[in-house]
Amino acid sequence: MRLFTHPGYAVMVLLTSFFTISSAIAQDNVASDPQPYTAFSALPKYRGPALSPDGSRLLFVQNITTPEEVAVLKSYDLKTGKNHYLLKSDNEAVKINWYRWVNSERFVVSVRVESKRGKTKVHDTRLISLRFDEENPELESLISQHRLKHYATNKNYTPQFQDEVIDWLPDEPDHILMAIDVVMPGLPSVYKVNVVTGKVKRLIKGKREIRDWMTDRQHNVRIGVTLNYESGEREVLLKEGDEYKTLFSYNAMNEKGEYPLGFAKDPNILYYRGYKGDYKAIFSLNLSTMEHSEVYADEGYDVDGGLIYSSLTNDVVGIRHNGRQYWDKSLAGLQKGLEKALPEYTNTLVSFSDDEKNYILYIENDVTPGTYLIGSREQGSLDLLFQQYKQIDQSRLSKHKLITYKARDGIEIEAFVTLPKGDGPFPTIIHPHGGPGARDFSGFDYWTAYFTNKGYAVLRPNFRGSRGYGFSFAQSQMKGWGLAMQDDITDGAMWMVDQGYAQENNLCIVGASYGGYAALMATVKTPELFKCAVSFAGVSSLKHLVQSSRSFLNNEFVKNQIGDDSDDLEARSPYYNAKGITTPILLVHGEEDRVVLVRQSRYMADELDDLDKEYKYVELEAGDHGLSIQRNRHRFFAELDAFLDKHLSHSSSKDTVSAVTSQ
């Protein structure tokens with residue numbers, strides 16, 4: 001137990017069990033035997049805790065494995081200690097997306113359901129409204145199709161996405177505002193919905209290619225964002241009565257642009273994300289004077305996060321960027337006090353009661369899996385709530401190091417290096433992220449933790465096309481798959497060898513989604529570099545990827561990103577270049593993946609088989625793109641574990657590395 005104070009705040013940390021756990025962090029030089037892969041392939045035990053507006057109750061999801069594998073949405077009464085088991089999901093036919101309190105007794109939950117649009121498999125979303133104590137409810141959509149069809153032009157059309165809430169109407173606790181494309185796909189109207197009865201009233205009919213609507217803090221619809229799916233032209237419109245005024249216009253495919261984030265309490269102040277030079281920053285626009293002001297920028301990086309609002313003040317109090325950045329004095333003081341008390345961790349305030357007296361804190365670091373704490377500002381207490389991966393032995397894990405290396409054309413690439421305990425060189429995993437418009441960060445990552453637990457060094461490069469590094473860097477992915485983006489990954493692997501971290505001829509490339517594509521493409525472009533390659537849910541044919549997009553509204557955006565020249569797409573596709581592959585490959589794909597269709601791996605497996613290449617293909621029953629089903633996550637890691645054991649050696653030679661480095 002320890003007490004710390006900050007002007008105006010006192011927090012008593014009562015975390016005996018937690019500090020027992022975190023004591024393992026200090027054992028940097030203690031290495032036990034590797035844990036089995038199942039310690040890392042287990043789904044996180046808990047996720048998404050959310051406080052009710054009055055702070056008396058908690059919503060969260062618990063993943064349960066016995067007697068059946070399910071995700072259970074539960075409520076917990078903080079005063080009585082009573083649990084309610086509200087909603088059970090198998091993560092297959094139905095998956096819990098998100099949930100939010102509407103008032104202190106009722107919440108809505110978004111669920112994902114499998115569906116078909118013609119012959120195209122897709123995921124639909126539905127919103128369900130429940131009381132905190134409504135156990136084993138019927139899974140009925142908040143809005144009945146009968147009520148929606150009243151507003152539909154085509155009575156046979158059912159909206160795919162029915163969970164977009166644009167205003168939670170805190171002054172009307174039984175109502176929310178929703179945007180639903182009842183009239184035609186991609187053209188949402190605004191509806192006022194009663195969360196108790198499901199009654200619907202249309203406020204604004206979809207028009208002018210407006211794809212997104214936004215309200216001010218007084219709950220008036222003020223902003224519409226248009227998008228022409230064919231040309232990419234976008235406008236940000238200010239609604240003034242029945243008229244619309246253009247605030248910004250640009251081409252979303254290839255131009256820098258501005259996007260609204262939300263209003264201040266003052267309805268004349270609109271926050272938006274724009275560009276300061278090549279990098280995204282946050283600005284404000286005074287709608288009375290049309291004066292623009294810079295609010296927040298981070299030199300050399302994009303500011304990608306959204307606004308943080310206070311339910312207490314009804315105003316913007318900060319932004320999400322590198323955690324939370326508060327300019328509200330009260331919350332900034334709380335954050336500073338938490339940093340002082342828990343300096344070893346990244347501390348993120350994830351939920352508040354409406355009076356902001358009670359809160360939930362999420363903490364983690366490179367070697368500590370996510371842990372949730374619950375705090376009271378009045379009592380000055382901070383107590384352990386639950387841990388996501390209690391079973392993981394932190395003594396086997398290592399901190400990440402942020403490094404930069406130069407690609408062959410001189411571009412600086414940021415990456416994270418994680419080295420296992422002991423002396424190198426090490427067998428090494430090159431682990432490109434998905435997206436490709438994503439980005440790797442510091443903090444706990446269960447893939448990297450598994451690799452270092454096994455004694456592998458890991459490089460996670462933020463190659464060209466990764467988000468966060470400016471417009472030009474991000475745009476370099478356009479029609480660039482397999483080109484400089486791929487070379488960045490190759491150059492990172494060679495950097496690991498040159499630094500003496502990795503041993504030549506003892507590297508494996510492992511990736512998922514775009515990372516899976518990069519792993520397969522590495523076997524085509526650099527067949528001698530890697531001893532093995534692993535692709536989970538990876539793309540093997542860019543031509544088929546573009547063809548699949550024809551069923552969707554964003555087809556032109558996909559062609560703009562990937563390309564549309566048939567010969568070029570084939571040249572940059574592992575499937576069409578499998579003849580020269582000599583690297584052993586593990587292919588794993590979910591049977592019901594709606595993001596990257598399973599045929600991408602089926603085609604690749606067939607081609608490798610026809611060419612008599614060394615490979616193994618595993619198809620996960622009912623599997624999705626995110627390994628969200630427990631048995632499938634275990635199966636994938638079992639295959640990965642055996643594959644890496646077969647192809648990577650734990651015996652290294654410094655002489656070999658010295659010879660490579662001197663070349």
Side-chain angles (χ1 to χ4, degrees), residues 275-281 297-305 321-323 346 365-367 397-420 424-426 428-445 447-449 451-452 456-477 480-504 507-511 514-515 518-519 521-522 525-526 529-530 657 660-663:
Y275 280 88
K276 182 180 181 182
D278 203 48
Y279 298 93
K280 293 177 183 176
D298 185 358
E299 186 175 356
Y301 296 94
D302 290 324
V303 180
D304 282 318
H321 179 71
N322 290 335
T346 298
N365 59 30
D366 296 347
V367 299
L397 308 185
S398 302
K399 294 181 179 180
H400 315 312
K401 182 181 179 182
L402 179 63
I403 60 95
T404 60
Y405 63 88
K406 282 191 176 181
R408 61 194 65 185
D409 60 358
I411 294 291
E412 292 277 345
I413 304 296
E414 279 194 351
F416 286 97
V417 172
T418 313
L419 304 179
F426 305 99
T428 296
I429 304 294
I430 305 301
H431 187 38
H433 60 69
R439 177 182 170 188
D440 273 315
F441 293 90
S442 61
F444 181 78
D445 173 73
W447 289 63
T448 303
F451 293 137
T452 53
Y456 303 136
V458 183
L459 178 77
R460 294 180 291 148
N462 284 324
F463 45 83
R464 260 168 277 206
S466 302
R467 68 177 174 88
Y469 297 96
F471 181 80
S472 302
F473 196 86
Q475 285 292 109
S476 60
Q477 70 157 289
W481 290 33
L483 302 178
M485 300 166 69
Q486 190 71 34
D487 294 340
D488 290 347
I489 297 169
T490 301
D491 294 342
M494 297 311 300
W495 181 89
M496 289 289 285
V497 173
D498 291 341
Q499 297 298 309
Y501 299 143
Q503 183 181 12
E504 194 174 34
L507 299 91
C508 190
I509 182 166
V510 181
Y514 175 83
M521 201 62 195
K525 293 194 70 171
T526 52
L529 181 57
F530 296 104
V657 173
V660 171
T661 306
S662 64
Q663 291 177 1

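Under the side chain to side chain contact (heavy atoms under 4.5 Å, CB included) criterion, Y275 pairs with K256, K280, F471, sequence neighbours left out. Not counting sequence neighbours, the partners of D366 by the side chain to side chain contact (heavy atoms under 4.5 Å, CB included) test are K399, H400, S442. With sequence neighbours excluded, the residues satisfying ring pair (Phe, Tyr, Trp, His ring centres under 6.0 Å) with Y514 are F463, W481, Y517.
Summarising the geometry, atom CG belonging to D491 is positioned 10.5 Å from atom CD belonging to Q486; distances are rounded to the nearest 0.5 Å. Considering OG1 of T428 and CD of Q503, their distance stands at 9.0 Å, rounded to 0.5 Å. The CZ atom of R460 lies 10.0 Å from the CG atom of L402; values are rounded to the nearest 0.5 Å. Taking CD1 of I430 as the reference point, atom CG of L529 lies at 8.0 Å (rounded to 0.5 Å).
When atom types are taken as modelled, the side chain of N462 and the backbone of R439 share no donor-acceptor pair closer than 3.5 angstrom. A distance-only check finds no donor-acceptor pair linking the side chain of D487 to the backbone of A407 [under 3.5 Å]. No side-chain donor-acceptor contact under 3.5 Å links N365 to the backbone of G443.
Side-chain atoms of H431 and Y456, non-hydrogen and from C-beta on, never get closer than 4.5 Å to each other. The shortest distance between side-chain heavy atoms of I489 and I509 falls below 4.5 Å. Contact annotation: the side chain of Y405 never approaches that of M494 to less than 4.5 Å [non-hydrogen atoms, C-beta and beyond]. Side chains of L419 and Y501 form a contact here, defined as non-hydrogen atoms less than 4.5 Å apart. Residues W495 and V417 meet the side-chain proximity criterion, which asks for heavy atoms closer than 4.5 Å. Side-chain atoms of D298 and N322, non-hydrogen and from C-beta on, do get closer than 4.5 Å to each other. R464 has its side chain within reach of I411: a pair of non-hydrogen atoms, C-beta onward, lies under 4.5 Å apart. Between I413 and F473, some side-chain heavy-atom pair lies under the 4.5 Å cut-off.
Contact record, P432 with A518: CG-CB, 4.0 Å, taken as the closest heavy-atom pair. Of all non-hydrogen atoms in V510 and F451, the two that sit nearest each other are CG1-CZ, 4.1 Å. Here the shortest heavy-atom pairing between P461 and A415 reads CA-CB, 3.6 Å. Of all heavy-atom pairs spanning L459 and A493, the tightest one is CD2-N, 4.1 Å. Of all heavy-atom pairs spanning F530 and C508, the tightest one is CD2-C, 3.9 Å. Considering every non-hydrogen atom in both S476 and G465, the closest pair reads OG-N, 3.5 Å.
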Next item on the list: Begin with the C-alpha distance, continue with both residues' side-chain angles, and end with the deciding distance and a verdict on side-chain contact (heavy atoms from CB on, under 4.5 Å) for R408 and T490.
Entry: CA-CA 10 Å; R408 61 194 65 185; T490 301; 3.8 Å; yes
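Side-chain contact of H433 with S466: a donor-acceptor pair under 3.5 Å is present, judged by distance alone.
Atom NZ of K525 is surrounded by more than 12 heavy atoms from other residues, nucleotides or ligands within 6.0 Å. Atom CD of E299 has 12 or fewer heavy atoms from other residues, nucleotides or ligands within 6.0 Å.
Here the options are T448, D445, L397, the test is side-chain contact (heavy atoms from CB on, under 4.5 Å), and the partner is T418; only T448 passes.
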